[in-house]
Amino acid sequence: MRLPGKITLLALLLGSAYAGAEELALEVEIPALNVAEYHRPYVAIWVEDSKGRHQQNLSLWYDHDMRDDEGQKWLKDLRLWWRRSGRQLEFPVDGFSAATRPVGTHELVFDSNSSVIRDLPAGDYRLVVEAAREVGGRELLRLPFQWPPEKRQEIVQQGSNELGRIQLVVKP
């Protein structure tokens, strides 16, 4: 059976759009804390391989508006991220650093056109979320996933203090 030219072209276009449609969708909850002195947490989000080697930075939330770049001084409190990536960077980093976020749930989406996942080789990875707060604590959560996804993956971790519910959805 032979398909008319327009139908064949449409099928090819739809097929090519679908083939590269992978996506990482992340929800990060910053919990409300009942403390005397509250400061928004600094949060680093990155991808590491199954051996813990840093692969890609996805997002960094810190107070970049402080006078004399004072906010950069506290980035070292994101201890793991700082050792793996942060100390090698100059701030602010275009494309992934942003202001701290208030209490609530924040969504991040990275599609296959995003440079942070476009070049990620096939394999087992962990999405890492680390939070540290002035006059507060530090917390780190890891969410394992496979890339590229063969099927939808939904991973949820619950933080205990500085982080709330973290949900990662990986879509083929």
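Residue numbers count from 1 along this sequence.
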Can you name the nearest heavy-atom pair linking E162 to P31, along with the distance?
O-CD, 3.3 Å
Atom pairs and distances, side-chain donor-acceptor, residues 142-151, under 3.5 Å, sequence neighbours left out:
residue	atom	partner	partner atom	Å
R142	NE	E48	OE2	2.6
Q146	NE2	D124	OD1	3.2

Only pairs at least two apart or in different chains count here, so list each salt bridge (Lys or Arg N to Asp or Glu O under 4.0 Å) that has a residue in residues 30-41.
none
Can you get from V116 to L89 by hopping between Ile, Leu, Val, Met, Phe, Trp and Tyr side chains that sit under 4.5 Å apart?
no
Taking atom CD1 of I117 and atom CG of L24, what is their separation to the nearest 0.5 Å?
4.5 Å
Same apolar cluster (I L V M F W Y, side chains within < 4.5 Å links), V128/L26:
no
Give a yes or no on whether the backbone of R79 and the side-chain of E130 come within a donor-acceptor separation of less than 3.5 Å.
yes
Suppose we screen for side chain to side chain donor-acceptor pair (under 3.5 Å). Which residues come up paired with E139, at least two apart in sequence or across chains?
S160
Hydrophobic cluster identity match, I155 and L163, side-chain contacts under 4.5 Å:
yes
Would you say that L60 contacts L78 through its side chain, given a criterion of any heavy-atom pair below 4.5 Å between the two side chains?
yes
Is there side-chain contact between E22 and L120, with at least one heavy-atom pair below 4.5 Å?
no
Salt bridge (charged side-chain N to carboxylate O under 4.0 Å, His left out) against K73, all qualifying residues, sequence neighbours excluded
E70
Under the side chain to side chain contact (heavy atoms under 4.5 Å, CB included) criterion, do R133 and L33 qualify, and how do the steps go?
CA-CA 11 Å; R133 191 170 48 83; L33 301 174; 3.3 Å; yes
E154 meets the salt bridge (charged side-chain N to carboxylate O under 4.0 Å, His left out) criterion, sequence neighbours left out, with R152
Examine distances only and state if a side-chain atom of Y62 and a backbone atom of W74 form a donor-acceptor pair shorter than 3.5 Å.
no
How close do A131 and V43 get, counting heavy atoms only, and between which atoms?
CB-CG2, 4.0 Å
What's the spacing between L141 CG and L168 CG if we round to 0.5 Å?
12.0 Å
Are V135 and Y42 joined in one hydrophobic group, where the rule is that I, L, V, M, F, W and Y side chains link up if heavy atoms are under 4.5 Å apart?
no
Strictly by salt bridge (Lys or Arg N to Asp or Glu O under 4.0 Å), give each pair with a member in residues 23-35 just once, sequence neighbours left out.
E23-K171
Just to verify, what does W82 make a ring pair (Phe, Tyr, Trp, His ring centres under 6.0 Å) with, not counting sequence neighbours?
none
Are L140 and W61 grouped together when hydrophobic residues (ILVMFWY) are joined by side-chain heavy atoms under 4.5 angstrom apart?
no
Restricting to ring pair (Phe, Tyr, Trp, His ring centres under 6.0 Å), what partner residues turn up for H39, sequence neighbours left out?
none
Pairing residues for N57 by the side chain to side chain donor-acceptor pair (under 3.5 Å) criterion, not counting sequence neighbours
H54, W81, S85
Taking C-beta and beyond as the side chain, do W46 and L58 meet within less than 4.5 Å on heavy atoms?
no
Walk me through it: do V47 and F110 pass the test side chain to side chain contact (heavy atoms under 4.5 Å, CB included)?
CA-CA 12 Å; V47 174; F110 303 93; over 6 Å; no
Please tabulate, one pair per line, all N/O donor-acceptor pairs under 3.5 Å involving side-chain atoms of residues 96-109, not counting sequence neighbours.
residue	atom	partner	partner atom	Å
S97	OG	V93	N	3.0
S97	OG	V93	O	2.8
H106	NE2	P102	O	2.7

Please identify each residue that fulfils salt bridge (charged side-chain N to carboxylate O under 4.0 Å, His left out) with R87, with sequence neighbours left out.
none
Closest contact, heavy atoms only, R126 versus D49
NH2-O, 3.6 Å
Check P121 against Y125 and note the closest heavy-atom contact, atom names and distance.
O-OH, 2.5 Å
Given side chains that start at C-beta, do those of L80 and R138 come closer than 4.5 Å, heavy atoms only?
yes
For Q56, give me all partners under side chain to side chain donor-acceptor pair (under 3.5 Å), at least two apart in sequence or on another chain.
none
